[in-house]
Amino acid sequence: MSANAVAVIGFVSLFALMLLRVPVGMAMGLVGVCGFGYLVNGTAALKLVGQTSMRTVTDYTFGVIPMFLLMGTFVSNSGMSRELFRAANGFVGHLRGGLGIATVAACGGFAAISGSSVATAATFSAVAYPEMRRFGYPQSFSTGVIAAGGTLGAMLPPSTVLAVYGIITEQDIGKLFMAGIVPGLLAIAMYMTTITLLGIIRPDFLPRGPALPWRERFAGLRDIWAPVILFVFVIGGLYGLPFLPRFTPTEAGGVGATGAFLIGVVTGRLDREKVLTSLLQATRTAAAVFTVLIGALIFGYFLTITQTPQKVTLFLTGLGLGKYGVLAVIMLMYLVLGCLMDAMAMIILTVPIIFPVVTQLGFDPVWFGVIIVMTVELGLIHPPVGMNVFVIKSVVKDVSFATIFKGVIPFVLTDLVRLVILIAFPILALWLPTRMG
């Protein structure tokens with residue numbers, strides 16, 4: 001059987017296993033081992049499993065994932081989200097749609113110290129949703145703005161998705177983190193603008209909250225010193241600010257986890273039970289991510305010997321669509337896959353195949369990483385999968401999936417506009433990485 005036929009059978013088998021609800025990492029590993037064993041030999045395939053697993057879990061670079069995951073769990077369990085929401089609400093809560101704007105701002109702040117979209121959506125479903133409902137905000141808007149705000153965790157550093165992209169493509173993770181800052185801030189600004197426009201177009205749809213005295217507003221700012229210090233220290237060390245030591249991404253993850261732990265303990269927010277819970281959550285998530293990574297690497301070896309990436313590159317570049325036409329085809333593929341697959345699985349499965357096409361076309365790999373993560377963000381909120389939607393539904397029991405999806409429609413349209421802006425102006429993503437010390 002030819003290598004092309006084996007590759008086709010491998011992909012069909014992979015998607016069949018995924019439809020049968022076999023975990024993605026296991027499915028990729030199984031197909032990779034079987035395909036590699038058929039084309040080379042069984043002994044080499046089994047050795048590949050052991051070598052790949054050991055190399056992945058002992059590689060220093062891969063340590064960035066569990067460190068930032070641990071930092072995120074400490075932050076989530078120490079209750080910093082409430083202070084962020086209270087501070088943002090103090091300044092904008094009195095505006096029409098102000099609680100929605102405050103939710104987006106707080107989601108951005110929380111995402112910047114947790115790096116997790118799912119954690120951000122789950123946390124603010126418990127923190128912001130009750131407040132918005134108490135002031136008369138519609139269910140669709142309340143859940144939609146939380147779902148959209150949760151996607152900021154995939155873009156703002158320390159983003160686990162960007163870190164995995166950097167590991168797969170061997171790009172500088174620090175530069176990828178820096179590249180996500182301006183697009184992440186652009187997302188926050190555009191979400192806030194969308195909410196403001198909704199309030200102008202439909203003034204009866206979004207109520208106003210009470211205006212707080214300036215003393216209370218500034219008192220709220222005093223409560224957010226911990227997340228601000230943590231973000232500045234970790235990201236400033238990555239960027240190379242003159243008053244901070246320079247960190248590698250893995251070191252930044254370790255510093256962030258340690259800082260989040262110390263802040264939680266000193267402020268009394270992390271007791272023994274919460275520390276153990278945080279360690280357990282981080283370990284479980286890291287184990288799941290590493291399982292998918294190991295499976296993807298094994299599957300990648302199978303793709304390499306079938307020369308699938310090279311053949312896909314030749315096919316797409318030979319379509320005569322031009323570089324941006326091919327990019328549009330790739331983006332469309334990701335939007336379709338976003339209806340069917342988890343964000344992390346999408347990145348790990350497709351990037352080894354698509355990345356050679358992107359480099360062949362002359363696109364900057366750091367910029368492309370940001371574009372891919374933005375497209376993956378859309379998959380977190382658009383039907384029928386929408387991971388953030390399922391997370392919100394698990395927390396807010398009295399709302400239907402249809403109601404949540406209705407609420408995210410304005411933000412999906414906003415994300416599509418933002419995607420076009422970043423494709424038209426790559427400097428928005430590349431300005432900070434090019435200025436790193």
Side-chain angles (χ1 to χ4, degrees), residues 1-59 61-63 65-66 69 118 160-161 163-170 283-313 315 330 333-334 336-357 372 376 379 384-385 387 390:
M1 194 183 299
S2 69
N4 287 345
V6 174
V8 171
I9 292 172
F11 276 102
V12 171
S13 302
L14 175 61
F15 283 105
L17 289 170
M18 289 168 62
L19 287 173
L20 292 172
R21 303 184 69 85
V22 175
V24 175
M26 299 293 184
M28 294 175 76
L30 181 61
V31 172
V33 168
C34 292
F36 194 92
Y38 179 83
L39 292 172
V40 183
N41 63 69
T43 302
L46 293 176
K47 285 183 179 179
L48 187 65
V49 175
Q51 292 170 353
T52 303
S53 302
M54 183 59 68
R55 187 172 66 252
T56 302
V57 298
T58 57
D59 192 314
T61 305
F62 284 53
I65 295 174
L69 287 173
V118 171
T160 307
V161 179
V164 170
Y165 172 86
I167 290 170
I168 294 173
T169 59
E170 299 181 350
T283 302
R284 285 174 173 168
T285 307
V289 172
F290 273 96
T291 299
V292 177
L293 271 176
I294 292 168
L297 291 171
I298 295 171
F299 188 71
Y301 286 116
F302 165 61
L303 294 179
T304 299
I305 60 173
T306 60
Q307 295 188 322
T308 298
Q310 295 91 324
K311 291 168 184 173
V312 171
T313 301
F315 172 74
I330 293 172
M333 177 200 74
Y334 274 105
V336 173
L337 284 177
C339 298
L340 308 169
M341 296 178 66
D342 172 65
M344 188 70 75
M346 250 200 301
I347 291 284
I348 292 173
L349 175 61
T350 60
V351 165
I353 302 170
I354 297 300
F355 187 71
V357 180
I372 286 296
V376 165
V385 176
M387 182 63 70
F390 280 83

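Along the sequence shown, residues are numbered consecutively beginning with 1.
Residues forming a side-chain hydrogen bond (donor to acceptor under 3.5 Å, both in side chains) with Lys311 (at least two apart in sequence, or on another chain): Asn4. For the side-chain contact (heavy atoms from CB on, under 4.5 Å) test, residues two or more places apart in sequence or in another chain that qualify with Pro66 are Ala286, Phe290. Residues passing the side-chain hydrogen bond (donor to acceptor under 3.5 Å, both in side chains) test with Thr306 are Thr308, sequence neighbours excluded.
The line from CD1 of Ile347 to OG1 of Thr169 is 9.5 Å long, rounded to the nearest 0.5 Å. Note that CE of Met28 and CD1 of Ile348 are 6.5 Å apart. Values are rounded to the nearest 0.5 Å. Interatomic distance, Ile372 CD1 to Ile330 CD1, rounded to the nearest 0.5 Å: 7.0 Å. Within the model, atoms CD1 of Ile65 and OG1 of Thr285 stand 11.5 Å from one another, a figure rounded to the nearest 0.5 Å. The structure places CG of Leu349 at 10.0 Å from CD1 of Ile354, a figure rounded to the nearest 0.5 Å.
The neighbour count for Met54 CE, taken as heavy atoms of other residues, nucleotides or ligands under 6.0 Å away, does not exceed 12.
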Throw together a table of side-chain donor-acceptor distances under 3.5 angstrom for residues 14-25, partners on residues two or more places apart or in other chains.
none

N/O donor to acceptor pairs below 3.5 angstrom from side-chain atoms of residues 30-41, sequence neighbours left out:
from  : atom 1 : to    : atom 2 : distance (Å)
Asn41 : OD1    : Thr43 : N      : 3.2
Asn41 : OD1    : Ala44 : N      : 2.7

Would you mind writing out the side-chain donor-acceptor pairs for residues 296-304 within the sub-3.5 Å range, not counting sequence neighbours?
from   : atom 1 : to     : atom 2 : distance (Å)
Tyr301 : OH     : Arg55  : NH2    : 2.6
Thr304 : OG1    : Gly300 : O      : 2.8

